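Heads up: the structure comes next, in structure tokens.
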Amino acid sequence: MSAADQNLLHHDTVAMTVFAQDPIVLTAGKLPLFAQLAVPAERLQRGPRGHRFHVVDVGVGTNAAAAPVVLNDGDPWTYRDRWDADHRPADPALLVEDADFRAQNLFAVAAHTLALFERHLGRPIPWQSRYPQLYLVPRARIEANAFYSREHNAVLFGWLPATGDQPSLYTALSYDVIAHEVSHAILDGLRPRYTEPGLPDQLAFHEALADIVALLSVFSLKDVAKRLLDNGNGKIVFPGDEAAMRNPDQEVGRRLMAEWRAAELKATPLTLLAEQIGGRRTPAVPGRYPALRRSVDLPASSAWTTDPAFLEPHRRAEVLVAAFLQTLVAIWAARLDPLRVDQDGVDVNRVAEEGVKSAQHLLGMLLRALDYLPPAELEFADVIDAVLTADRRLASDDDRGYRDKLRAAFAAFGITPPEHQMVDEDGDAAPPPAARRTPTPYRADPDAKTRGGIRYEHLNLAALRTSPEEVYQFIWNNAGALGIDVRLTTRVERVLGSTRVGPDGLVLNETIADYVQILRALPAELPPGIDAPDGLPADEPVELLGGGVLVFDQFGRFRLHQRKPVLDVDRQNRRLQYLAKRGFRDGGDKRRFALLHDGEDEQ
Ligand SMILES: [Zn+2]
């Protein structure tokens, strides 16, 4: 696309140049990696400011504000990329210090990330604030950190001025950091209750999603994987290939080749998060780039479940990130099997192409599952459950075995989908009592008798698509069949339409309704079996949360129920014990979504 061809009315997207990896990550030719991101076209105002993002270059706590950056060509409907391959300065250091480029880099990566989520979920996603724009502040504070602040409806990016031999560090130039923090903001809009005091998996999922999006979305940027893998001759060398091919047992040789190649692919910068910040904070590993996190190396085992270090959200998140990345490299290596090995390596184009396909597929599986996650009380097992269920709905075939491999990777970390939690339309609407994991404290509601399964009488199907009241009527009339105890406060919080497209082009229109159940009680009055932890003040009410997602197809037929019952005695006890151990301090951490937690800052 030529510079003159970027009319914002005539194109769906425009191409904006950004750093595709931290500026310290270099190709074999010792150049940083640029990419032209497809950014949704819209009227582009100074800031830059579009209808979802507003870049504001102010220092937090100071009155110093830089002039808004103009990316348009004097006309808000014409964009011109001033930093494409023909126009950017030869010395990348000049770009790092260019405030206009920084603004474009930040705006483009943020808009590209939001577009990725919206494309997979098939609908616009609101910010938690319900304001149209999220603020992006490129030089908010002097620190090698960044965080999403719900309070400010903003992502605040830190920076460090150049000192001695260290160049300046702008987190707003890091693709990983921007994608990570904007993902927090997006998930907070989708699932605002995930910041309520809950089990440690919940905040860890926030971190895991943010890391997985940052890492896997890079693969979809044109040629970035290829340029990172290229040894300079258009090849990638897998050192184990030769030995594997010499193995007298062909089957064993093939298996070893796949394993060794997977190990090699694990070591590429594509699996590393936030290299530049990592370089300032983590000990150097000879021959490898520094990184804030290299979760792909986490050994698969369930040891984390009893290790207190894994209660910290970023650390705990690495379990999910590792499960996804290890699945990625395994599938990627398996897809390389038929590729020809020449004397000097394997064709890097083909290797990159297979990596791009695998990464896009896995990321799509995760993003398309987000609407199937429970609105409250999320646990890791729900994540794999939602991913597998959503994928089965959208892709009945799974030739490459993504589902089995992902299920196996989670199982290797001790995470398995719960029995009968996601209730399918083909089975019962609620799990039979014998399949329930834990006893419920109360006897069944005598008034909630079912009459031959799910009933649709008295429902207005058009209203069911948009109206919480209509969905509540559905719940009310089917309380027994759905296993929802409506004697407890039950509120439908959100009803929305989603149009998702599966990997093979299958289009699925669904209505998705979230409900929550809240039970507030003094410690002495908690339901039988749910025990107030020691040290809880007797006069402070305890809040128990539960809820679920109801999915209807385009004809208004009930299809799925993702349930987290509020009266799950086992889960509520685990939650109360965990919160008690943390001194019930979970509520007010304003820097909750910092890239690093303050404890790490001191290291
Ligand atoms: Zn984070």
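Both counts, for ligands and for their atoms, begin at 1 and track the order of listing. Source: prediction; values computed, not measured. Positions are given from 1 along the sequence.
Distances from the Zn ion (ligand 1) to the N/O/S atoms of His180 are shortest for NE2. Minimum-distance N/O/S atom of Glu207 relative to the Zn ion (ligand 1): OE1.
For Asp81 and Thr17, the side-chain atoms include at least one donor-acceptor pair closer than 3.5 Å. A donor and an acceptor atom, one from each side chain of Tyr372 and Glu510, are located under 3.5 Å apart. For Arg150 and Thr195, the side-chain atoms include at least one donor-acceptor pair closer than 3.5 Å.
The two residues Leu394 and Pro503 make their nearest non-hydrogen contact at O-CD, 4.3 Å.
Using a cut-off of 2.8 Å, one finds that His184 contributes an N/O/S atom close to the Zn ion (ligand 1).
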